[in-house]
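Heads up, the thing below is written out as structure tokens.
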Amino acid sequence: KERGFYAMLAAHQLGIDYTLSEPAFQPLTEAQKLQFQPMLDRVAELRALQRFSKAKTVWIALLNSVNFAEKLALSDYAVKQQWFDLAVEGTIQAKAWDHLRLRLPNAYADWFKLHLSDKAVTPSFAMAIARQESAWNPQARSHANAIGLMQLLPTTAAQTAKGSKLPYQGERDLLDPFKNIMLGTAHLAELAQKYANNRILMAAAYNAGARRVEQWLARSNGKLALDEFVASIPFYETRGYVQNVLAYDYYYRILQGATDKTLFYQQEWRSY
């Protein structure tokens, strides 16, 4: 009955349904909208001017001035404005970990469907990757210079674009959500082909690189079960990354009304 990878694993092992009850929240009232409108207008103006860092500063200042219920209502408002990164920030500031609909907004869903229409990768899995990578911040940059929603390295983007015959003009393209999703989903499709659509290996390779995944598989030499292999990933970040992505994938399927309630697929329930 808890969130996360190990709760899902327990349900799978026990052969029982894994369900989550999401707590309710109230959207902004008209009086609250009137109260917060000056700062909301300021956030909207800054984002329109592409001053995203300053907009986030104003947003956090607003969040810090309100109570828990208002933080949730503001996060809901952000989703409706398609400020998906600010909605996620709202749930972080509120520590609203059970409010999955706000933590996992249905961001850019049409673009994921479009770019994956002819690929084996599911939109929910690709969205889980993007959510884990950037928390839906299109301007995100890592210390390693991974860029945008799906945190692509420019070298990876260039290689993927060449192999998939996709347009790519350089780093600036990765700050464009549409182009970032186009290239990120193409890279996921490459990993799906390499790893027979095994999400555990795909997520690990997306985060740590295929070379390291091959090293880990060689080390385990087919002697580890699914959970043992995940627990044995030597990088703390990658271990948590794989667990979160699998959980987010399932949550996105539930939130999107999918009929597929599978926790782990046959190709994943194997020896590693």
Side-chain angles (χ1 to χ4, degrees), residues 3 19-114 123-124 126-141 147-151 175-181 244 247-258:
R3 287 177 284 101
T19 57
L20 290 170
S21 57
E22 189 180 8
F25 65 88
Q26 294 298 320
L28 288 177
T29 64
E30 291 304 316
Q32 288 172 324
K33 287 181 183 177
L34 187 63
Q35 176 188 353
F36 301 140
Q37 202 63 57
M39 292 190 79
L40 294 174
D41 287 345
R42 180 68 173 149
V43 171
E45 178 182 25
L46 288 166
R47 288 177 71 91
L49 295 170
Q50 298 189 348
R51 296 173 62 183
F52 297 104
S53 179
K54 179 61 177 176
K56 184 176 179 179
T57 299
V58 174
W59 180 250
I60 291 176
L62 174 57
L63 292 169
N64 288 338
S65 70
V66 301
N67 61 34
F68 177 78
E70 290 168 333
K71 285 182 173 68
L72 295 181
L74 285 167
S75 297
D76 174 62
Y77 179 88
V79 171
K80 292 172 180 174
Q81 301 303 309
Q82 298 186 12
W83 303 344
F84 301 119
D85 54 322
L86 299 188
V88 174
E89 184 63 37
T91 64
I92 293 171
Q93 295 292 328
K95 296 181 171 59
W97 313 129
D98 291 327
H99 287 268
L100 296 176
R101 201 169 300 275
L102 300 177
R103 288 185 61 208
L104 303 173
N106 199 34
Y108 310 102
D110 290 342
W111 291 353
F112 280 97
K113 290 177 184 176
L114 172 67
S124 61
M127 292 176 71
I129 291 282
R131 170 59 178 83
Q132 176 65 22
E133 286 285 351
S134 66
W136 292 124
N137 177 6
Q139 305 298 307
R141 283 182 182 262
I147 301 172
L149 288 175
M150 300 191 72
Q151 287 290 275
L175 296 171
D176 181 298
F178 184 87
K179 295 176 183 177
N180 190 286
I181 292 169
N244 283 351
Y248 289 169
D249 182 4
Y250 182 80
Y251 299 154
Y252 265 121
R253 278 182 274 142
I254 298 301
L255 293 171
Q256 292 169 353

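Quick note: residue numbers are just sequence positions, from 1.
For Q26, the CD atom is loosely surrounded, since the number of other residues' heavy atoms within 6.0 Å does not exceed 12.
The two atoms that bring F25 and L102 nearest to each other are CZ-CD2, 3.9 Å, heavy atoms only. Across Q256 and S124, no two heavy atoms sit closer than the pair OE1-CB, 4.2 Å. Heavy-atom minimum distance, P27 versus K80: CB-NZ, 4.0 Å. Smallest separation of non-hydrogen atoms from Q151 and A140: NE2-O, 3.0 Å. Across F112 and I181, no two heavy atoms sit closer than the pair CE1-CD1, 3.6 Å. Closest approach of D98 and E22 over heavy atoms only: O-CG, 3.6 Å.
D176 places a side-chain N or O within donor-acceptor distance of the main-chain N or O of K179, the cut-off being under 3.5 Å. At distances below 3.5 Å, at least one donor-acceptor pair connects side-chain atoms of W59 with backbone N or O atoms of L86. The backbone N or O of N67 sits less than 3.5 Å from a side-chain atom of E70, completing a donor-acceptor pair. In this structure, Y252 contributes its side chain and A247 its backbone to no donor-acceptor pair below 3.5 Å. For K113 (side chain) and P123 (main-chain N/O), no donor-acceptor pair under 3.5 Å exists by modelled atom type.
In this structure the side chain of L74 never reaches within 4.5 angstrom of the side chain of E89, judged on heavy atoms. Between Q81 and R47, the closest side-chain pair of non-hydrogen atoms is not below 4.5 Å. V88 has its side chain within reach of R131: a pair of non-hydrogen atoms, C-beta onward, lies under 4.5 Å apart. Residues R103 and R3 are in side-chain contact: their nearest non-hydrogen atoms beyond the backbone lie under 4.5 Å apart. Residues H99 and S75 fail the side-chain proximity criterion, which asks for heavy atoms closer than 4.5 Å. For the pair L28/D76, no side-chain contact is recorded, criterion being any heavy-atom separation below 4.5 Å from C-beta on. The closest side-chain heavy-atom distance from L149 to E133 is not below 4.5 Å. Residues L62 and L40 have side chains in contact (heavy-atom distance under 4.5 Å, counting atoms from C-beta outward).
The NZ atom of K71 lies 13.0 Å from the CD1 atom of I92; values are rounded to the nearest 0.5 Å. For the atom pair R101 CZ and L72 CG, the distance stands at 13.5 Å (nearest 0.5 Å). One distance of note links CE of M127 with CD of Q132; it measures 14.5 Å at 0.5 Å rounding. Within the model, atoms CG of D249 and CD1 of I254 stand 10.0 Å from one another, a figure rounded to the nearest 0.5 Å. Interatomic distance, S134 OG to I147 CD1, rounded to the nearest 0.5 Å: 12.5 Å. Rounding to the nearest 0.5 angstrom, the gap separating the CD atom in E45 from the CZ atom in R42 is 5.5 Å.
With sequence neighbours left out, D41 forms a side chain to side chain contact (heavy atoms under 4.5 Å, CB included) with Q37. In this structure F68 satisfies the ring pair (Phe, Tyr, Trp, His ring centres under 6.0 Å) test with no other residue, sequence neighbours excluded. Qualifying side chain to side chain donor-acceptor pair (under 3.5 Å) partners for N180, counting only residues two or more places apart in sequence or in other chains: none.
The aromatic rings of Y108 and W111 sit parallel to each other, their planes meeting at less than 30°, with 60° as the upper class boundary.
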Kindly determine whether L46 and V58 satisfy side chain to side chain contact (heavy atoms under 4.5 Å, CB included), including the steps that lead there.
CA-CA 9 Å; L46 288 166; V58 174; 3.8 Å; yes
What verdict does the side chain to side chain contact (heavy atoms under 4.5 Å, CB included) test give for L114 and D110, after you've listed the backbone C-alpha separation in whole Å, the side-chain angles of each residue and the deciding distance to 0.1 Å?
CA-CA 6 Å; L114 172 67; D110 290 342; over 6 Å; no
